[in-house]
Amino acid sequence: MTVGKAIYNILINDSDILSEVSTRIFPEIAPQGEVQPYVVYSVVSNSPTDTKEENGNVDQASIEVYCFHNKYSDA
């Protein structure tokens, strides 16, 4: 699974996030005129690392998540 898909799955399956933004979760940029609240996520870096262990594939990733809402306290 790619990092972007993994982050999307984590966000969309979180009941607190889902109750606030529904399915308005976007990679990189939200569509112009999108209704708030919504979430935008971005994969800043992704460095796969192979190990000698049987199931030892390890990825190290940096992610940025932005929350947009009309009210700062709700974001």
Exercise. Please name all residues satisfying ring-ring contact (aromatic ring centres under 6.0 Å, His included) with Phe68, sequence neighbours left out, ordered by chain then number.
Key: Tyr38
Quiz item: side chain to side chain contact (heavy atoms under 4.5 Å, CB included) with Leu11: which residues, sequence neighbours excluded?
Solution: Ile7, Ile17, Ile25, Val39, Tyr41
Are [Y] and [X] connected in a single hydrophobic cluster, I mean Ile/Leu/Val/Met/Phe/Trp/Tyr linked by side-chain heavy atoms less than 4.5 Å apart?
| X | Y | result |
| --- | --- | --- |
| Val21 | Val35 | no |
| Tyr66 | Val43 | no |
| Ile12 | Val40 | no |

Quiz item: In Å and rounded to the nearest 0.5 Å, what is the CD to CD distance from Glu20 to Gln36?
Solution: 12.0 Å
Quiz item: Gln60: what forms a side chain to side chain donor-acceptor pair (under 3.5 Å) with it, not counting sequence neighbours?
Solution: none
Self-check item: pair Phe26-Pro31: side-chain heavy atoms closer than 4.5 Å
Solution: yes
Exercise. Taking all non-hydrogen atoms of both residues into account, name the closest pair between His69 and Pro37 and its distance.
Key: CD2-CB, 3.2 Å
